[in-house]
There are 2 protein chains.
Amino acid sequence: MDYTRQTLIKDNQSTFADFLQTKGLKLTSQRRVILAQATGARGHFSAEQLLKFSKKQDRTISKATVYRTLALLKESGILEEQDFGDGKMLYERAQGRKHHDHLICVRCGRVIEFENTPIEKLQNAEARHHGFKVIYHSLKLFGFCRDCV
Amino acid sequence: MDYTRQTLIKDNQSTFADFLQTKGLKLTSQRRVILAQATGARGHFSAEQLLKFSKKQDRTISKATVYRTLALLKESGILEEQDFGDGKMLYERAQGRKHHDHLICVRCGRVIEFENTPIEKLQNAEARHHGFKVIYHSLKLFGFCRDCV
DNA sequence: CTTGATGCAAAGTGTTTGCAACTTA
DNA sequence: TAAGTTGCAAACACTTTGCATCAAG
């Protein structure tokens, strides 16, 4: 784990602590474990996977607590929720990362991230044309990745 | 209902009949009713709504049959399934219509459709850059519509 | 008359919630 | 020690499925 990664996790910790304090909520040992696992994970993960990882550190952590903490991590901007259409939500680290969209391989499930400013500009122009104010968007390209074509 | 609409519905009927025949499936009275309601509906509708409409024509039609028929209508290309993130799938007529994307108002739920070729071109270029072959895509812009800003 | 389709209710899936016991601040 | 948090199991919402009966071809 490199320096940047360490720094980001540190940021995540204080962001979450501040978020909880501001809302009069408590930083429990379970929340600490779940935060650590969520921000330490690479790529996209499900609630079920997060539960599994968290249980390795504290076997008493429950599914309910994972879901409740996931909601807080989303609300605080530390995680972002993604729906790739496979019936369950996936999560990824959001804080300190730029917005990006996804290419999803329908065969192997691989997810590739990309940023494309020209597309975003055109999206905004399109929205403006309809008198629409965009808050967030979701662009997913489904198909075959290099290895699955 | 105008001439074009009539023609489209006719197309839907023969498409579905052909589809079923090719697969050795049967065109039942329930399927006829559900097809008619699905292709006659305007805009986006849920399985539950389709069941409600279909029951008006034949009160014995069941939820299970609606879901099973919906799968066939999707497979035959007559309907397209959309997930606007409200916990249930929505459907829209697809046959004979151009591909389009959606603006979704997070306050009133209104859905605006748009076509944007330049965006699609950029998407394909982006995919190509990753050695990715796109089969289909989903672009949704969430925000406030003109009346909800 | 054979094979697929139907309605019903039960099962499934991922997620949320009520509650009594327990921690954090 | 007050107020939020936890684990558990039950509840939820949507969708799917097993099965005996029914109907299309």
Side-chain angles (χ1 to χ4, degrees), chain A residues 13-14 16-35 37-38 44-76 79 81-91 109, chain B residues 13-14 16-38 44-52 54-76 79 81-91 109:
Chain A
Q13 287 171 344
S14 32
F16 198 44
D18 289 355
F19 171 81
L20 292 174
Q21 189 149 40
T22 303
K23 303 204 70 174
L25 304 178
K26 293 169 182 175
L27 181 51
T28 64
S29 66
Q30 291 90 333
R31 286 180 181 167
R32 249 187 280 263
V33 169
I34 295 168
L35 168 67
Q37 294 303 320
H44 302 80
F45 55 89
S46 64
E48 191 187 7
Q49 290 174 308
L50 182 55
L51 172 63
K52 202 178 76 183
F53 299 149
S54 300
K55 269 183 181 296
K56 283 187 185 161
Q57 294 221 179
D58 175 353
R59 61 170 51 258
T60 75
I61 287 179
S62 71
K63 182 189 297 192
T65 297
V66 166
Y67 276 106
R68 288 190 276 233
T69 304
L70 234 16
L72 297 172
L73 292 171
K74 246 192 297 177
E75 196 186 337
S76 62
L79 293 185
E81 192 177 56
Q82 303 287 345
D83 183 355
F84 293 144
D86 52 353
K88 53 179 167 293
M89 291 301 181
L90 294 184
Y91 301 86
Chain B
Q13 287 171 343
S14 32
F16 198 43
D18 289 354
F19 171 81
L20 293 175
Q21 189 150 39
T22 302
K23 304 203 68 170
L25 305 178
K26 294 168 181 173
L27 181 50
T28 63
S29 66
Q30 292 92 333
R31 286 181 181 168
R32 249 187 279 263
V33 169
I34 295 168
L35 168 67
Q37 294 303 320
H44 302 79
F45 55 90
S46 64
E48 191 187 6
Q49 291 174 308
L50 182 56
L51 172 62
K52 203 179 76 186
S54 301
K55 269 182 181 298
K56 281 185 187 162
Q57 294 221 178
D58 175 353
R59 60 171 49 260
T60 74
I61 287 180
S62 72
K63 181 188 300 192
T65 297
V66 167
Y67 276 106
R68 288 188 276 232
T69 304
L70 234 15
L72 296 172
L73 292 172
K74 246 192 298 176
E75 197 186 337
S76 63
L79 293 184
E81 191 177 57
Q82 302 288 346
D83 182 356
F84 293 144
D86 53 352
K88 55 178 163 295
M89 290 302 180
L90 294 184
Y91 301 84

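Here is how names work: the chains are called A, B, and so on, in the same order as the sequence lines, proteins then strands, and each is numbered from 1.
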_I need the minimum non-hydrogen distance between A:Ser76 and A:Phe16, along with the two atoms involved._
OG-CD1, 4.0 Å

_If I take atom OG1 from residue A:Thr69 and atom CG from residue A:Leu35, how far apart are they, to the nearest 0.5 angstrom?_
9.5 Å

Are any protein N/O atoms closer than 3.5 Å to N/O atoms in nucleotides 23-25 of chain C? If there are, list each pair with its distance.
{"unit_1": "C:dT24", "atom_1": "O2", "unit_2": "A:Lys26", "atom_2": "NZ", "d": "2.6"}
{"unit_1": "C:dA25", "atom_1": "OP1", "unit_2": "A:Leu27", "atom_2": "N", "d": "3.4"}

*Closest heavy-atom pair and its distance - B:Asp86, B:Asp83*: N-OD1, 4.4 Å

*Separation of B:Ile34 atom CD1 from C:dG7 atom C1', in whole Å?*
12 Å

_Least distance between heavy atoms, A:Ser54 atom then A:Val33 atom_ = O-CG1, 3.7 Å

_Heavy-atom pair of closest approach, residues B:Ala47 and B:Tyr91_ = N-CE1, 4.2 Å

*Once you round it to whole Å, what is the distance between C1' of D:dT16 and CD of B:Glu81?*
13 Å

_I need the CG-C1' distance between A:Asp83 and D:dC14, as an integer number of Å._
14 Å

_Between C1' of D:dT16 and NZ of B:Lys88, the distance in whole Å_ = 18 Å

*asked:* Let's see if you get this right: which residues in residues 50-68 of chain A place a heavy atom under 4.0 Å from DNA chain C?
replied: A:Lys63, A:Ala64, A:Tyr67, A:Arg68

*Let me know the distance between CD of A:Gln49 and P of C:dG14, rounded to the nearest Å.*
12 Å

Considering only distance and modelled atom types, tabulate donor-acceptor pairs under 3.5 Å from the side chains of residues 21-29 of chain A, sequence neighbours left out.
{"unit_1": "A:Thr22", "atom_1": "OG1", "unit_2": "A:Asp18", "atom_2": "O", "d": "2.8"}
{"unit_1": "A:Lys23", "atom_1": "NZ", "unit_2": "A:Glu75", "atom_2": "OE2", "d": "2.6"}
{"unit_1": "A:Thr28", "atom_1": "OG1", "unit_2": "A:Arg31", "atom_2": "N", "d": "3.2"}

*Least distance between heavy atoms, B:Leu51 atom then B:Ser62 atom*: CD1-C, 3.7 Å

*B:Gln57 atom CD, neighbour heavy-atom count above 12 within 6.0 Å*: yes

*Quick one: B:Leu90 CG to D:dC14 C1', roughly how many Å, whole number?*
12 Å

*Hey, which sits more toward the 5' end of DNA chain D by its nearest nucleotide, B:Ala47 or A:Arg31?*
A:Arg31

